[in-house]
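Data block below; observations after.
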Amino acid sequence: MKKILYIASKNPGKILEYKKLLSEVNCQLVLQPDFIEIIESGKTFKDNAAIKACEVSKKMKNYAIADDSGLCIEALNGKPGIHSSRYADNDQERIKRVLSELEGIEDRRAFFIANVCVASPVGELVLDIEARCYGNILLQSRGNNGFGYDPIFQEKNTELTFAEMTDDLKDKLSHRGKAASKVIPELIKIFSDI
Ligand code: ITT
């Protein structure tokens with residue numbers, strides 16, 4: 001029987017991406033049970049990713065993977081940053097808030113960041129990887145794929161928004177995809193030993 005890896009997340013967009021990204025790891029992916037409520041009390045992406053992975057792994061007595069991610073906008077001094085998921089009530093409102101805060105501002109540089117953590121069945125942090133993807137915030141949304149701020153984030157090299165990319169292209173270029181590509185070889189080792 002395959003060993004279990006919990007995805008410590010309640011974000012459907014992220015979960016979908018992890019199911020695809022982690023398909024080559026020989027494990028059974030299980031979602032974080034609803035009863036686990038985690039307070040993201042950290043001051044950094046790393047703190048929050050570690051809190052999520054460690055709490056779920058300890059409670060479920062299995063390996064767990066979590067990410068804390070967000071959009072950092074230069075002209076807004078890094079906001080929404082670690083508050084990206086709490087910037088307004090839903091994705092549409094969050095996009096509206098960012099666009100209104102950037103109204104009249106020429107410098108649209110931004111990056112997405114993901115801190116991915118894996119914790120062991122006793123709640124010990126075993127992996128911690130950070131990755132970024134650079135781009136610009138558009139004046140209005142473009143594209144229908146993805147989740148969160150994807151429609152307003154234009155990736156620097158392709159000039160496509162994440163919402164205009166195929167899943168495969170987003171996985172190759174995104175903060176989460178880049179972090180996952182570093183985590184996967186380690187996970188393959190962990191899950192081949194047990
Ligand atoms: P979990 O903690 O349960 O995983 P969450 O949505 O609260 O879900 P975070 O605290 O890490 O997760 O917040 C990340 C937010 O940053 C997310 O809700 C989006 O608004 C935004 N975000 C992160 N990665 C993104 C991506 O690939 N595309 C668009 N928006 C993204």
Side-chain angles (χ1 to χ4, degrees), residues 5-22 29-57 59 64-73 76 78-99 110-119 128-138 141-155 158 160-181:
L5 174 62
Y6 277 88
I7 303 180
S9 175
K10 289 191 175 174
N11 179 319
K14 266 191 203 180
I15 291 168
L16 213 62
E17 290 190 6
Y18 274 115
K19 281 187 173 167
K20 181 163 174 287
L21 287 166
L22 299 176
L29 290 174
V30 180
L31 301 187
Q32 169 184 337
D34 270 348
F35 71 85
I36 302 184
E37 286 290 341
I38 297 173
I39 298 167
E40 296 183 28
S41 54
K43 288 199 167 54
T44 63
F45 290 102
K46 184 197 160 168
D47 288 350
N48 284 334
I51 289 170
K52 290 187 259 193
C54 293
E55 281 207 25
V56 171
S57 64
K59 288 215 168 83
I65 185 167
D67 89 37
D68 202 60
S69 45
L71 179 65
C72 301
I73 300 173
L76 301 180
K79 283 199 301 180
I82 61 166
H83 304 294
S84 292
S85 64
R86 295 161 265 172
Y87 218 43
D89 286 344
N90 57 54
D91 282 347
Q92 225 180 338
E93 292 299 316
R94 287 188 270 274
I95 285 177
K96 226 162 116 184
R97 178 170 174 190
V98 163
L99 292 182
F111 60 88
F112 267 115
I113 181 168
N115 207 297
V116 177
C117 284
V118 175
D128 162 27
I129 301 284
E130 184 201 284
R132 295 178 181 202
C133 177
Y134 290 88
N136 293 293
I137 303 300
L138 295 176
S141 292
R142 250 177 33 201
N144 299 309
N145 300 333
F147 69 98
Y149 300 92
D150 280 350
I152 55 167
F153 180 80
Q154 183 188 45
E155 193 271 332
T158 58
L160 294 171
T161 67
F162 275 168
E164 292 174 310
M165 293 185 184
T166 59
D167 297 346
D168 283 347
L169 187 60
K170 185 180 175 191
D171 286 348
K172 210 161 109 189
L173 301 176
S174 78
H175 49 311
R176 184 166 302 103
K178 286 185 200 165
S181 72

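Everything numeric in this text was worked out from a predicted model, so none of it was measured. Along the sequence shown, residues are numbered consecutively beginning with 1. Note that ligands are numbered from 1 as they come in the structure, with each ligand's atoms numbered from 1 the same way.
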Could you tell me which atoms of ligand 1, counted from 1 in the order shown, lie closer than 4.0 angstrom to a heavy atom of [X]?
X: Gly148; result: 29 (C), 30 (N)
X: Asp67; result: 11 (O)
X: Gly70; result: 16 (O)
X: Asp68; result: 9 (P), 10 (O), 11 (O)
X: Ser9; result: 1 (P), 3 (O), 4 (O)

With sequence neighbours excluded, what pairs up with Phe147 under the ring-ring contact (aromatic ring centres under 6.0 Å, His included) test?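 Per chain and number, Phe147 pairs via ring-ring contact (aromatic ring centres under 6.0 Å, His included) with no residue.
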Got the closest protein heavy atom to [atom], with its distance?
atom: atom 7 (O) of ligand 1; result: Ser85 OG, 3.3 Å
atom: atom 24 (N) of ligand 1; result: Arg176 NH2, 2.9 Å
atom: atom 3 (O) of ligand 1; result: Lys10 N, 2.7 Å
atom: atom 2 (O) of ligand 1; result: Lys52 NZ, 2.7 Å
atom: atom 20 (O) of ligand 1; result: Tyr149 CE1, 3.2 Å
atom: atom 17 (C) of ligand 1; result: Asn11 ND2, 3.9 Å
atom: atom 9 (P) of ligand 1; result: Lys14 NZ, 3.6 Å
atom: atom 22 (N) of ligand 1; result: Phe112 CE2, 3.8 Å

Check if [X] has a non-hydrogen atom at a distance under 4.0 Å from any atom of ligand 1.
X: Asp150; result: yes
X: His175; result: yes
X: Asn48; result: no
X: Gly146; result: no

Lys170/Asp167 salt bridge by N-O under 4.0 Å criterion: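 Lys170 and Asp167: not salt-bridged.
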Answer yes or no: is there a donor N or O on one side and an acceptor on the other, between the side chain of [X] and the main chain of [Y], under 3.5 Å?
X: Ser141; Y: Pro151; result: no
X: Asp68; Y: Ala49; result: no
X: Lys14; Y: Asp67; result: yes
X: Lys46; Y: Asn115; result: no
X: Asn136; Y: Gln154; result: no
X: Asp150; Y: Phe162; result: no
X: Arg94; Y: Tyr149; result: no

When you look for heavy atoms under 4.0 Å from ligand 1, do you find them on the side chain of Phe147, its backbone, both, or neither?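 Contact part for Phe147 vs ligand 1: both backbone and side chain.
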Side chain, backbone, both or neither: the part of Gln32 lying under 4.0 Å from ligand 1 by heavy atom: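 Under 4.0 Å from ligand 1, Gln32 contributes no heavy atoms.
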Are there over 12 heavy-atom neighbours, none belonging to Lys172, within less than 6.0 Å of that residue's NZ?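 Counting neighbours around NZ of Lys172, 12 or fewer heavy atoms of other residues, nucleotides or ligands fall under 6.0 Å, so no.
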Does atom CG (Asp89) have a neighbourhood of more than 12 heavy atoms from anything else shown, all under 6.0 Å?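 12 or below, so no.
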Aromatic rings Tyr134 and Phe111: how do their planes relate, parallel, tilted or perpendicular, breaks at 30° and 60°?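 Tilted: the ring planes of Tyr134 and Phe111 meet at 30° to 60°.
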Could you label the plane-to-plane angle of the His175 and Phe112 rings as parallel, tilted or perpendicular, counting under 30° as parallel and over 60° as perpendicular?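 The arrangement is parallel - the two ring planes meet at less than 30°.
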With side chain to side chain contact (heavy atoms under 4.5 Å, CB included) as the test, pick out the partner of Tyr18 among Leu5, Val116, Leu29.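 That would be Val116; it is the only one of Leu5, Val116, Leu29 passing the side chain to side chain contact (heavy atoms under 4.5 Å, CB included) with Tyr18.
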If you measure from [atom] to every heavy atom of [options], which option wins on shortest distance?
atom: atom 27 (O) of ligand 1; options: Glu17, His83, Lys170; answer: Lys170
atom: atom 15 (C) of ligand 1; options: Pro12, Ala8, Pro151, Ser84; answer: Ser84
atom: atom 13 (O) of ligand 1; options: Cys133, Ala49, Ser69; answer: Ser69

Nitrogen or oxygen of Arg94 less than 3.5 angstrom from that of ligand 1: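 Arg94 vs ligand 1: no N/O contact under 3.5 Å.
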Heteroatom distance test (Asp91, ligand 1): nitrogen or oxygen, under 3.5 angstrom: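 So ligand 1 has no N or O lying under 3.5 Å from an N or O of Asp91.
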